[in-house]
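Below: the structure, in structure tokens.
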Amino acid sequence: MTAVLTTTEATARSPLTGEPLAAAEADRLAGLLKALADPARLRLLSLIQSAPRREACVCDLIGPLGLSQPTVSHHLRVLTEAGLLEREKRGVWAYYRIVPPTLAAVASLIAPPRRRRASRAS
């Protein structure tokens with residue numbers, strides 16, 4: 001499974017905060033962004049996040065996407081391997097949930113850095 005950065009770690013390393021990414025970190029984050037760069041996968045994340053218990057079974061996702069079960073399963077596997085989803089097997093069904101720290105790390109990479117307040121001279 002992919003290591004997940006906390007929001008603080010991602011912000012500290014973000015090129016937007018003035019700290020350049022190491023090559024290995026850039027490769028890892030590019031893989032994460034590549035997993036997100038698919039309309040079906042973005043819809044899957046949205047469907048899972050908006051589900052009543054913030055989780056969904058493959059069987060709940062096929063109809064809304066209009067894709068076959070193998071295609072939906074493929075997209076879920078890509079998102080899981082990227083660390084964006086976690087999978088829990090319950091009997092014959094697998095349920096998927098979003099991993100919030102991973103999405104927070106992605107958000108912190110593309111959000112503008114917070115401005116520091118200028119200290120007032122006393």
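Heavy atoms only: backbone and side chains are in, while hydrogens, waters and symmetry mates are out. One is the number of the first residue; the rest follow in order along the sequence. In this text, all values refer to a predicted model and were calculated from it rather than measured experimentally.
No continuous path of ILVMFWY side-chain contacts below 4.5 Å connects Trp93 to Leu76, so the two sit in separate hydrophobic clusters. Side-chain heavy atoms closer than 4.5 Å link hydrophobic residues (I, L, V, M, F, W, Y) into clusters, and following such links, possibly through other members, connects Tyr95 to Val92. Linking Ile, Leu, Val, Met, Phe, Trp and Tyr whenever their side-chain heavy atoms come within less than 4.5 Å leaves Val78 and Val72 in two separate clusters.
Atoms CD and CZ, on Glu55 and Arg87 in that order, are 13.0 Å from each other to the nearest 0.5 Å. Taken from CG in Leu33 to CZ in Arg28, the straight-line distance is 9.5 Å, to the nearest 0.5 Å. Going from atom CZ of Arg97 over to atom CD of Glu86 covers 4.5 Å, rounded to the nearest 0.5 Å.
Of all non-hydrogen atoms in Leu67 and Ala40, the two that sit nearest each other are CD1-CB, 4.0 Å. Listed here is the closest heavy atom pair of Ala35 and Leu84: CB-CD1, 4.2 Å. The two residues Ile48 and Ala56 have their closest heavy-atom pair at CG1-CB, 4.0 Å.
Between Ile98 and Leu85 there is a side-chain heavy-atom pair separated by less than 4.5 Å. Using a 4.5 Å heavy-atom threshold, the side chains of Leu47 and Leu65 count as touching. Within the 4.5 Å cutoff, no side-chain heavy atoms of Val99 are placed close to those of Leu103.
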*Report the C-alpha separation of Leu79 and Asp38 in whole Å, then their side-chain angles, then the decisive distance to 0.1 Å, and conclude whether the side chain to side chain contact (heavy atoms under 4.5 Å, CB included) test is met.*
CA-CA 10 Å; Leu79 291 168; Asp38 182 281; over 6 Å; no
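With hydrogens and angles disregarded, a donor-acceptor distance shorter than 3.5 Å links the side chain of Arg43 to the backbone of Pro64. Although no hydrogens or angles enter the test, the distance criterion places a donor-acceptor pair under 3.5 Å between the side chain of Arg54 and the main chain of Gln49. With hydrogens and angles ignored, the 3.5 Å screen pairs no side-chain donor or acceptor of Ser46 with any backbone N or O of Leu42.
Counting non-hydrogen atoms of other residues, nucleotides and ligands closer than 6.0 Å to CZ of Arg90 gives a total above 12.
When each of Leu61, Ile62, Asp60 is tested with Val58 by the rule side chain to side chain contact (heavy atoms under 4.5 Å, CB included), just one qualifies, namely Ile62.
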